[in-house]
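All heavy atoms count here, side chains included; hydrogens, waters and symmetry mates do not.
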Amino acid sequence: RWRMCFRAVRPAAGLGRAEGSLTRNSWRWKSVPANERALRYRAGEQIHGFTVEQVTAVPELFLTAVKLSHDGTGARYLHVAREDSNNLFSIQFRTTPMDSTGVPHVLEHTVLCGSQKYPCRDPFFKMLNRSLSTFMNAFTASDYTLYPFSTQNPKDFQNLLSVYLDAAFFPCLRQLDFWQEGWRLEHENPADPQTPLVFKGVVFNEMKGAFTDNERIFAQHLQNKILPDHTYGVVSGGDPLCIPDLTWEQLKQFHATHYHPSNSRFFTYGNFPLEQHLKQIHEEALIKFERIESNTEIPKQKLWEKPREHSVTCGLDSFAADPSKQTTVSVSYLLTDITDTFETFTLSLLSSLLVEGPNSPFYKALIESGVGTDFSPDVGFNGSTREAYFSVGLQGIAERDIDTVKQIIARTVDEVIAKGFEEDRIEALLHKIEIQLKHQTTSFGLALTSYIASCWNQDGDPVELLKIADKVSRFRQCLKENPTFLQEKVKTYFKDNPHRLTLSMSPEEDYHNKQAKMEAEKLEKKVNALSEEEKTQIFEKGLELIALQSKPQDTSCLPALKVSDIEPKIPFTVLETTLTADEIPVQYCAQPTNGVVYFRAVSSLNTLPEELKPYVPLFCNVITKLGCGALDYREQAQKIELKTGGMSVSPHIIPDDSHLDVYEQGVLFSSLCLDRNLPDMMHLWSEIFNNPRFEEEEHFRVLVKKTAQELSNGIPDCGHLYASIRASKNLTPSGELQEMFSGMDQVKLMKRIAEMSDIKPILRKLPRIKKYLLNSDNIRCSVNAAPQQIPEASKEVEKFIKGIARSKKERKPVRPHVIEDPTFKPCQMKTHFVLPFPVNYIGECIRTVPYTAADYARWEMRLSQNLYGTSFILLGPEMPCFSKC
């Protein structure tokens with residue numbers, strides 16, 4: 001999905017007018033649980049212009065869903081009542097473009113440039129320091145546009161809702177905003193009419209950047225070719241060669257037909273009262289509209305009578321481990337209508353069984369074949385379109401191996417039909433769902449609105465989608481009644497399915513030059529069609545746009561919080577830290593975790609020899625994937641899936657909040673499990689610490705190639721991040737380590753390792769790193785669990801700590817994990833990486849003050865104000881950095 005890139009941060013509150021009594025009377029609604037309040041509604045009840053259609057309790061998710069419709073416009077509304085203080089609102093429109101001008105994407109940007117009630121430029125950005133929002137953003141998908149926000153403050157919710165409603169339904173849509181956000185012709189130097197005219201525009205440049213990413217190119221062509229007949233056959237985000245065909249009039253017309261309440265879906269979540277939301281939405285927006293026929297429905301794709309093949313080209317990958325192997329191929333199958341929620345659920349599970357983990361048939365057949373480096377982009381189940389599809393293939397192959405991959409896929413499908421799946425793998429997958437249902441997150445509302453968006457967009461039942469426990473029970477019953485249930489699905493949707501697409505993509509050496517040439521031809525055609533008067537107008541409008549962008553904005557029209565709107569106290573989390581018999585600190589936090597236990601540990605890197613440090617990210621990536629104790633890597637993966645919600649290991653760099661040149665370096669171990677599986681999870685950690693297996697050279701090679709491919713693929717999408725990390729390298733000691741672990745240095749190192757014909761020297765480094773890391777020296781742990789589970793968790797963690805190796809008799813003194821480098825001298829550095837992309841990523845970092853310094857807030861505010869229009873990134877509490885593209 002193409003997304004609007006502005007910050008999702010939580011700034012300090014500002015001062016201003018506040019209206020309403022929700023905050024003052026909060027004790028009234030807080031005294032009754034959200035679920036209980038929601039269950040009091042009855043079908044047919046009318047509330048502020050809405051009629052209740054359905055009230056459904058979903059106990060497995062601890063929520064009650066209330067489905068309503070607006071009487072005057074037909075707008076659909078889903079309220080999810082849950083005892084969660086992080087309340088969320090979203091409004092969704094079905095946006096179905098029929099060309100690749102990117103009209104829904106440009107519109108998403110342009111509605112955020114001011115509205116009738118809030119005419120200042122970019123009210124969303126301006127609200128950041130007037131709000132306590134925990135999330136603000138906007139998204140353009142293939143067939144819908146979504147505007148969500150979340151906050152824990154009732155008055156803030158009303159303020160943000162007012163801004164969002166006005167932006168969506170009553171935007172200014174000024175021509176200058178269209179030129180800025182969409183596309184425009186402008187002189188290379190806007191102040192000099194003698195310089196050449198060029199294409200400019202936020203979305204135009206964003207999409208040029210998007211299509212430098214070969215994975216995105218492949219995924220976009222895949223969707224366009226397997227669903228070619230309607231809106232999925234075009235690029236909703238916009239093709240850079242088509243965006244200049246979009247006119248301002250077309251943009252306004254698209255808004256009039258698509259951003260109408262009759263084509264909208266409202267979603268609210270959390271513990272705030274529903275009535276207040278309905279009243280505000282009705283009075284501020286919906287009452288001003290009448291019902292229309294939206295005519296945005298997406299017809300079903302006409303099914304093919306025989307399979308199709310298609311080939312596309314892309315740019316060269318200069319970071320490919322083998323330059324002769326840069327071809328990608330996949331085979332994709334059209335599946336079912338996503339409004340059939342049980343069939344979709346079944347096929348999603350089937351997809352996971354087919355491609356996830358080293359025990360899956362396609363992983364064994366494709367990844368371990370040595371033919372390629374990683375799965376093809378968009379592998380697995382895709383349920384974001386009206387009809388879902390499944391895709392599987394390989395990237396990093398030689399062009400001559402395309403037929404080989406196709407044969408492997410066909411053979412694997414036949415084997416699955418014949419043999420089916422092991423019962424343990426199915427149980428592991430259902431166990432994963434059980435953990436997902438119980439796992440508590442701070443962004444649960446955002447996850448819900450994203451989860452239901454596609455199905456609801458196609459007029460599916462979003463409440464039915466939430467009844468996951470019912471689907472699991474029905475799935476188990478189907479397997480019980482018919483042991484070949486899944487094999488029959490594979491036969492129907494894969495073996496006997498004529499709507500099958502084989503897509504291949506190979507690089508062209510002059511690919512980007514060809515794209516640039518086509519853009520130049522498009523530009524020349526546009527310029528040649530201009531009269532002298534129009535050229536003069538372009539110059540004048542360019543100056544007008546610059547003046548408008550430079551003009552100070554009057555933000556007094558925007559709502560803001562008052563101090564009295566903010567709770568004077570925040571909840572205090574009680575933490576208890578104890579020392580084990582070995583004097584290792586363990587932090588316990590008793591919370592209502594719904595039967596899930598969370599374990600984390602940090603082991604220091606301070607004693608690790610410097611020559612081994614560059615290999616720490618690779619060590620972290622593979623240590624839970626090579627086997628341990630009596631388990632080989634397949635058995636280990638199966639045990640992790642059956643007994644845990646995942647086990648991860650990652651580098652851990654934490655700058656000190658009081659000193660710029662002090663930091664902590666280590667490795668973070670994280671996992672979670674159902675409380676009944678805690679002994680099994682801790683036993684797995686014990687085996688990983690004490691008896692990791694480093695004998696599987698071929699599997700290690702597979703993991704190395706996969707990691708190198710993923711890092712290479714990530715550069716176009718994360719170029720700004722790589723630039724910022726590199727720019728911070730010489731400003732603080734932790735910045736240098738961050739570049740080593742997460743920057744371009746790590747990308748280049750993994751490329752070199754993947755190119756090695758003999759990988760044994762790298763494999764031999766892993767036991768050496770293990771010696772320094774996987775022991776109880778300078779380790780500390782933390783546990784989050786329900787109060788009644790703390791004693792059992794304490795016993796298991798103590799057992800784990802006693803069971804792992806220790807090389808020192810005495811523990812180091814206070815804060816052994818902290819490093820201070822008094823010799824470090826920050827210096828200026830300029831670096832340029834030459835990459836084969838027609839897009840530049842620029843990062844500039846400034847050494848400022850520590851987080852606890854008295855003038856930290858002043859530094860952050862000053863940089864934020866000076867860098868309006870750029871992406872402000874806080875890489876660590878001590879060092880604000882910014883990145884400009």
* To do: Mark yes or no for whether Thr492, through its side chain, and Lys489, through its backbone, hold a donor-acceptor pair below 3.5 Å.
  => no

* **Check: Phe289 ring centroid to Phe170 ring centroid under 6.0 Å** => yes

* **Interatomic distance, Asn457 atom CG to Ile298 atom CD1 [nearest 0.5 angstrom]** => 6.0 Å

* Flag side-chain contact, heavy atom, 4.5 Å: Gln395 against Asn214 -> no

* Do Phe89 and Thr151 have side-chain heavy atoms sitting under 4.5 Å apart? -> no

* Do Glu488 and Asn482 get their side chains close enough for a donor-acceptor pair, meaning under 3.5 Å? -> yes

* To do: Would you check if the distance from the ring center of Tyr333 to the ring center of His499 is below 6.0 Å?
  => no

* Asked: In terms of side-chain heavy atoms, does Ser85 have a donor or acceptor partner in Gln152 at a distance below 3.5 Å?
  -> yes

* **Near-ring test His277/Phe157, centroid separation under 6.0 angstrom** => yes

* Asked: Taking 4.0 angstrom as the limit, do Arg76 and Glu53 come out as a salt bridge?
  -> no

* To do: Could you walk me through whether Arg216 and Asp717 pass side chain to side chain contact (heavy atoms under 4.5 Å, CB included), step by step?
  => CA-CA 9 Å; Arg216 284 198 182 189; Asp717 200 38; 3.0 Å; yes

* Polar contact flag, side-chain donor to acceptor under 3.5 angstrom, Asp239-Ser100 -> no

* **Inter-residue atom distance Arg265.CZ - Tyr144.OH, 0.5 Å rounding** => 11.5 Å

* Can any side-chain N or O of Asn224 pair as donor or acceptor with the backbone N or O of Tyr232 at less than 3.5 Å? -> yes

* **Check: Phe485 main-chain N/O paired with Gln487 side-chain donor or acceptor under 3.5 Å** => no

* To do: Could you verify whether a donor N or O on one side chain and an acceptor N or O on the other, from Asp84 and Asn271, lie under 3.5 Å apart?
  => no

* **CD on Glu215 to CG on Asp378, rounded to 0.5 Å** => 9.5 Å

* Exam field: side chain Tyr451 to backbone Leu465, donor-acceptor pair closer than 3.5 Å -> yes

* Residues Glu356 and Lys432 bridged, charged N to O under 4.0 Å -> yes

* Between Thr593 and Val596, is there a donor-acceptor pair closer than 3.5 Å when you use the side chain of the first and the backbone of the second? -> yes

* Taking His431 for its side chain and Glu641 for its backbone only, find out whether a donor-acceptor pair lies under 3.5 Å. => yes

* Do the side chains of Thr336 and Glu387 get nearer than 4.5 Å, heavy atoms only? -> no

* **From Glu464 atom CD to Asp470 atom CG, the distance as rounded to the nearest 0.5 Å** => 7.0 Å

* **Lys NZ or Arg CZ of Arg82 over Phe444 ring: under 6.0 Å, within 45°** => yes

* State yes or no: are the ring centers of Phe390 and Phe494 separated by less than 6.0 Å? => yes

* Without hydrogens or angle criteria, can the side chains of His439 and Tyr598 be said to hold a donor-acceptor pair below 3.5 Å? -> yes

* Asked: Does some side-chain heavy atom of Ser330 sit less than 4.5 Å from a side-chain heavy atom of Phe375?
  -> no

* To do: Could you tell me whether the side chain of Arg476 and the main chain of Ser473 form a donor-acceptor pair under 3.5 Å?
  => no

* Structure fact -> side chain to side chain contact (heavy atoms under 4.5 Å, CB included) with Ser142: of Gln220, Gln223, Arg386, only one passes, and it is Gln223

* Structure fact -> In Leu286, Ile281, Leu278, the residue satisfying side chain to side chain contact (heavy atoms under 4.5 Å, CB included) with His48 is Leu278

* Asked: Do Ser391 and Ser332 have a side chain donor and acceptor closer than 3.5 Å?
  -> yes

* Does any donor atom in the side chain of Thr134 or Asn86 lie under 3.5 Å from an acceptor atom in the other side chain? -> yes

* Asked: Which atom names give the shortest non-hydrogen contact between Val52 and Leu68, and what distance separates them?
  -> CG2-CD2, 3.7 Å

* To do: Quick one: closest heavy-atom pair of Pro97 and Val103, and the distance?
  => CB-CG1, 4.1 Å

* Start with the C-alpha distance between Tyr493 and Glu343, add both sets of side-chain angles, then the distance that settles side chain to side chain contact (heavy atoms under 4.5 Å, CB included), and finish with yes or no. => CA-CA 11 Å; Tyr493 286 105; Glu343 190 74 354; 2.7 Å; yes

* Is it true that the side chains of His282 and His70 contain a donor and an acceptor less than 3.5 Å apart? -> yes

* Asked: Which heavy atom in Val472 sits nearest to a heavy atom in Phe345, and how many Å separate them?
  -> CG2-CZ, 3.8 Å

* Test item: side-chain donor near acceptor, Thr95 and Thr145, under 3.5 Å -> yes

* Asked: Between Arg94 and Thr296, do the side chains contain an N or O donor and an N or O acceptor separated by less than 3.5 Å?
  -> yes

* To do: For the residue pair Asp143 and Gln458, confirm or rule out a side-chain donor-acceptor distance under 3.5 Å.
  => yes

* Measure from the side-chain N and O atoms of Thr344 to the backbone N and O of Thr341, and report whether any donor-acceptor pair falls under 3.5 Å. => no

* Asked: Would one find more than 12 heavy atoms of other residues, nucleotides or ligands at under 6.0 Å from atom CD of Glu290?
  -> no

* Is Asp496 paired with Lys491 through a side-chain N to carboxylate O contact shorter than 4.0 Å? -> yes

* Any Leu161 side-chain heavy atom under 4.5 Å of Phe149 side chain -> yes

* So how far is it from Glu434 CD to Glu60 CD, rounded to the nearest 0.5 Å? -> 11.5 Å

* **Sidechain N-carboxylate O distance under 4.0 Å for Lys467, Asp461** => no

* Note, Phe62 side chain near Asn594 side chain (heavy atom, < 4.5 Å) -> yes

* Gap between atom NZ of Lys67 and atom OG1 of Thr51 - 0.5 Å precision -> 14.0 Å

* Please confirm whether Phe93 and Phe169 have ring centers closer than 6.0 angstrom. => yes

* Asked: So does Glu275 pair up with Lys279, basic N to acidic O under 4.0 Å?
  -> no

* To do: Please name the pair of heavy atoms, one in Glu284 and one in Ser162, separated by the smallest distance, quoted to 0.1 Å.
  => OE1-OG, 3.2 Å

* Are any non-hydrogen side-chain atoms of Phe342 and Thr346 less than 4.5 angstrom apart? -> yes

* Short question: side chain of Ser351, backbone of Phe381 - any donor-acceptor pair under 3.5 Å? -> yes

* Taking atom CD of Glu422 as the centre, report whether more than 12 heavy atoms of other residues, nucleotides or ligands fall under 6.0 Å from it. => no

* Give a yes or no on whether the backbone of Gly445 and the side-chain of Thr449 come within a donor-acceptor separation of less than 3.5 Å. => no

* May I ask you to decide if the ring planes of His255 and Tyr259 are parallel, tilted or perpendicular, using 30° and 60° as cut-offs? => tilted

* Asked: With a 3.5 Å cut-off and no angle check, do the side chains of Tyr77 and Thr268 form a donor-acceptor pair?
  -> yes

* To do: With the side chain counted from C-beta on, respond yes when Ser376 and Thr328 share a heavy-atom pair under 4.5 Å apart, and no when they do not.
  => yes

* For a side-chain hydrogen bond (donor to acceptor under 3.5 Å, both in side chains) with Gln301, tell me which candidate from Asp229, Thr385, Asp337 qualifies. => Asp229

